**Student:** 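There's a structure below that I have some questions on.
Worth knowing before you read on, the calculation uses all heavy atoms, side chains too, and leaves out hydrogens, waters and symmetry mates. Please read these numbers as outputs of a predicted model, since none were measured by experiment.
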Amino acid sequence: MSDLSFLPETNWRCGKCGEKLTPRITNVEYLGNTFTMELLACEKCGLVLIPEDLARGRMFEVEQLLEDK
């Protein structure tokens with residue numbers, strides 16, 4: 001893991017290929033808007049883990065803001 005990462009070290013593995021997930025800057029798109037954030041991702045296949053607290057918390061809040069426009 002990078003010394004600049006804000007994500008805690010985990011033992012999570014990719015459900016698709018079994019490789020260890022590592023922090024990676026990722027672009028997330030929703031309703032035509034792109035957000036850049038650091039998420040755990042598989043270095044081999046690129047699968048990205050979006051944690052439940054992010055999906056139900058901050059992303060839900062952003063979704064509500066964007067849909068209200």
**Student:** Nearest heavy-atom pair of Leu40 and Pro23: which atoms, and what distance?
**Tutor:**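 What the structure gives for the nearest pair is CD2-N, 3.7 Å.
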**Student:** If you take all heavy atoms of Arg24 and Gly46, which pair is closest and at what distance?
**Tutor:**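 Taking every non-hydrogen atom into account, NH2-O, 3.3 Å.
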**Student:** Between CG of Leu49 and SG of Cys42, what distance do you get to the nearest 0.5 Å?
**Tutor:** 11.5 Å
**Student:** Heavy atoms only: give me the nearest Lys20-Arg13 pair and the separation to one decimal.
**Tutor:** N-NH1, 3.1 Å
**Student:** How close do Ala41 and Val48 get, heavy atom to heavy atom, and via which atoms?
**Tutor:** CB-CG2, 4.0 Å
**Student:** Rounded to the nearest 0.5 Å, what's the gap from CD1 on Ile50 to CZ on Arg56? Could you check?
**Tutor:**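 Reported value, rounded in 0.5 Å steps: 13.5 Å.
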**Student:** Can you tell me how far the CG atom of Leu39 sits from the CG atom of Asn27, to the nearest 0.5 Å?
**Tutor:** 10.0 Å
